[in-house]
Amino acid sequence: MNSATLLLNGRDYELPVVVGTEDEIGIDVSALRAKTGAITLDGGYGNTGSCRSAITFIDGERGILRYRGYPIEEVAEHASFAEVCYLLIYGELPTAIELGRFEDALTRHSLIHEDMKKFFEGFPPSAHPMAILSAMVASLAAYYPQDLDEPDRDLNIVRLLSKVRTIAAFAYKKSIGQPFVYPRNDLSYTENFLHMMFAVPAEPYRVPAVLDRALNLLLILHADHEQNCSTSTVRMVGSSQANLFASISAGICALWGPLHGGANQKVIEMLEAIRADGGDYEKYVEKAKDKDSGFRLMGFGHRVYKNFDPRAQILKAAADEVLAEMGIADPLLAIAKNLEEVALSDPFFVERRLYPNVDFYSGILYRAMGIPTEMFTVMFALGRLPGWIAQWKEMIEDPKARISRPRQIYVGAAKRRFVSIEERERVLVHA
Ligand code: ACO
């Protein structure tokens, strides 16, 4: 199949068909308007491919997720987060020498400009860390202005990956009134972040291996997810040739919403509310089924996954292991499992193919690791960063890339005469 026929107003139009590596079919409508005067209309973009991409493959019907062809289960078991960053951004798993160089660069660029520390002072203690993170990432453009040309592009990619940890940890320290802990060059990417989060100058702190492993896993599972809301935002902003930092900052803002990355915070708040309400999870399943309640089961449902979310399955098993190793019995884990069991056997959820998504169990792990609820979406952003960067880089390097500019079907008022304010007043007086 290499073309599709569209019958419009009695005329046939041939449209090219594009087939992906995994036999995904796309009808290329890029010449549709020029040929027919018509556009496609697809609110929420559920049927719209915005690009060709070689980074991540998802088959939502079969619960498949692959980074550059590698199944997420294998990547999660064998790779470090730094390796995954390299794989997503540069297309191949690194050799030992390449990985060593990359890790070294990530280590060496972890400090933020001392002046940026003053920015933190300007935020109120109650500031949501996503507000701080997005503002600080956009501010990096003021310090590293050139980024579209090689080698500045690669250098700024490494700077961003490295500094975002420092910014996130400083935002947390600011929120609890503790002094900032500077990065240390003898620690790995993930250990360094945990050290900046949990160490205090008054005493030595050794990062527990279980925390380091859990963080690696969480970051890897969030690292990319093809053209989701925040990634599409990064591409949309980057398509105007806005710089890397501005594009990523926009992605962070898109991630913040409760229907996207903000769901991980909402899941824990929901589980806590259920516990405070006596643990009656069945009541909340009923509430989620009642459309008038305005309540949804947070961490349930996905635009793409209609069978299971492989990331949620890995995290569910990891939550059991990590909590057992840390000797933590979190009542919220039991509530989450019960909620999942009831929901998965309820026809409302079965018919709509609503399954736990990545956010359903991630919060339980973050909690066990001592990360406060308000930081959960920041943790998601740290994980998603290499994916955003890889997608931005792929777009910038595509010679055919154009500015993203959707069309619309106008449904407002037809042309009408301007009415002066005096005339409008007269009409009101007489009405
Ligand atoms: N609880 C109850 N009902 C739900 C839920 C839910 N969590 N999710 C979807 N539904 C219902 C909808 O009411 C709708 O029912 P209808 O067909 O009778 O009208 C049907 O399932 C389809 O839902 P849509 O909102 O049309 O699905 P969409 O693909 O647009 O939205 C989304 C996907 C945003 C993830 C949605 O399932 C949701 O709001 N989930 C809760 C928030 C959440 O967990 N977000 C994280 C997503 S994963 C991520 O971004 C990392």
Side-chain angles (χ1 to χ4, degrees), residues 41-48 56 58 60-61 63 65 67 72 130 217-234 251-271 273-274 281-316 332 335-336 339-366 373 376-388 391:
L41 186 61
D42 184 22
Y45 305 131
N47 307 280
T48 297
T56 290
I58 301 176
E61 312 299 324
L65 168 62
Y67 294 162
I72 189 64
M130 285 296 274
L217 178 70
L218 281 156
L219 296 185
I220 289 171
L221 292 178
H222 287 85
D224 194 45
H225 216 236
E226 50 115 306
Q227 310 313 317
N228 55 80
C229 175
S230 56
T231 303
S232 301
T233 302
V234 169
I252 292 170
C253 291
L255 186 75
W256 194 354
L259 297 189
H260 192 15
N264 56 14
Q265 176 176 340
K266 295 288 172 204
V267 169
I268 291 296
E269 288 169 0
M270 174 186 79
L271 294 174
I274 296 175
Y281 43 88
E282 281 164 343
K283 178 171 142 191
Y284 285 81
V285 172
E286 289 309 313
K287 202 171 157 193
K289 286 157 60 178
D290 173 8
K291 293 283 169 66
D292 295 332
S293 72
F295 172 78
R296 285 191 163 197
L297 276 192
M298 298 313 286
F300 257 76
H302 199 276
R303 172 63 62 81
V304 178
Y305 292 119
K306 298 296 171 201
N307 188 339
F308 63 92
D309 180 339
R311 305 166 301 173
Q313 290 196 327
I314 297 172
L315 282 181
K316 185 179 178 184
L332 297 195
I335 294 177
L339 201 58
E340 178 184 355
E341 206 180 302
V342 172
L344 289 185
S345 55
D346 189 297
F348 177 94
F349 292 86
V350 176
E351 278 158 23
R352 289 170 181 76
R353 304 173 81 184
L354 301 170
Y355 295 85
N357 58 49
V358 68
D359 291 323
F360 195 64
Y361 285 105
S362 63
I364 307 256
L365 272 166
Y366 290 136
T373 315
F376 288 1
T377 313
V378 168
M379 302 306 295
F380 192 150
L382 294 189
R384 184 54 54 86
L385 186 58
W388 287 332
Q391 302 271 350

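Every number for a ligand or one of its atoms is a count from 1 in the order of the listing. Hydrogens, waters and symmetry mates play no part in the numbers below; they use all other heavy atoms, side chains included.
Distance alone, capped at 3.5 Å, places no donor-acceptor pair between the Tyr67 side chain and the Gly387 backbone. The backbone N or O of Trp256 lies less than 3.5 Å from no partner atom in the side chain of Thr377, so there is not a single donor-acceptor pair. With hydrogens and angles ignored, the 3.5 Å screen pairs no side-chain donor or acceptor of Asn357 with any backbone N or O of His302. Listed for the Ser293 side chain is no donor-acceptor partner under 3.5 Å among the backbone atoms of Lys289.
Both the sub-6.0 Å distance and the 45° axial angle are satisfied by Arg352 relative to the ring of Phe348.
Among all non-hydrogen protein atoms, the one lying nearest atom 42 (C) of ligand 1 is Met298 CE, 3.5 Å. Protein heavy atom in closest approach to atom 1 (N) of ligand 1: Leu297 N, 3.1 Å. Arg303 NE, 3.6 Å is the protein heavy atom nearest to atom 28 (P) of ligand 1. Scanning all protein heavy atoms for the shortest distance to atom 48 (S) of ligand 1 gives His302 CD2, 3.6 Å. Protein heavy atom in closest approach to atom 40 (N) of ligand 1: Phe300 O, 2.9 Å.
Ligand 1 has no nitrogen or oxygen under 3.5 angstrom from a nitrogen or oxygen of Lys306. For ligand 1, the polar-atom distance check against Ala288 finds no nitrogen or oxygen pair separated by under 3.5 Å. Between Arg352 and ligand 1, at least one N/O pair is under 3.5 Å apart.
The presence of a protein heavy atom under 4.0 Å from atom 25 (O) of ligand 1 is confirmed. In this structure, atom 19 (O) of ligand 1 has a protein heavy-atom contact shorter than 4.0 Å.
Proximity to Gly299 (heavy-atom distance under 4.0 Å) selects the following atoms of ligand 1: 43 (C), 44 (O). Counting atoms of ligand 1 from 1 in the listed order, those under 4.0 Å from a heavy atom of Lys291 are 13 (O), 15 (O), 16 (P), 18 (O), 19 (O). Each of the atoms 43 (C), 44 (O), 45 (N), 46 (C) of ligand 1 lies under 4.0 Å from some heavy atom of Ala263. Taking every heavy atom of His260 and a limit of under 4.0 angstrom, the matching atoms of ligand 1 come to 46 (C), 49 (C), 50 (O).
At a 4.0 Å cut-off, at least one heavy atom of Phe380 sits close enough to ligand 1 to count as contact.
At a heavy-atom distance under 4.0 Å, only side-chain atoms of Phe348, from C-beta outward, approach ligand 1. In Leu354, the part holding a heavy atom less than 4.0 Å from any atom of ligand 1 is the side chain. With a 4.0 Å cut-off on non-hydrogen atoms, Leu259 touches ligand 1 through its backbone as well as its side chain. For Asp359, every heavy-atom contact with ligand 1 shorter than 4.0 Å involves the side chain, none the backbone.
With respect to Phe300, the ring pair (Phe, Tyr, Trp, His ring centres under 6.0 Å) criterion is satisfied by exactly one of Tyr361, Phe349, Tyr305, Phe308: Phe349.
When the options Lys287, Glu351, Arg296 are ranked by their closest heavy atom to atom 23 (O) of ligand 1, first place goes to Arg296. The closest non-hydrogen atom to atom 35 (C) of ligand 1, taken over Gly261, Gly301, Ser362, Ser230, comes from Gly301.
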Discussion item. Run Lys266 and Asp359 through side chain to side chain contact (heavy atoms under 4.5 Å, CB included) and show every step you take.
Written reply: CA-CA 9 Å; Lys266 295 288 172 204; Asp359 291 323; over 6 Å; no
Item to complete: Would you check, one step at a time, whether the test side chain to side chain contact (heavy atoms under 4.5 Å, CB included) holds for Thr231 with Glu226?
Response: CA-CA 7 Å; Thr231 303; Glu226 50 115 306; over 6 Å; no
Discussion item. Does Ser362 form a side chain to side chain contact (heavy atoms under 4.5 Å, CB included) with Phe376? I'd like the steps, not just the answer.
Written reply: CA-CA 8 Å; Ser362 63; Phe376 288 1; over 6 Å; no
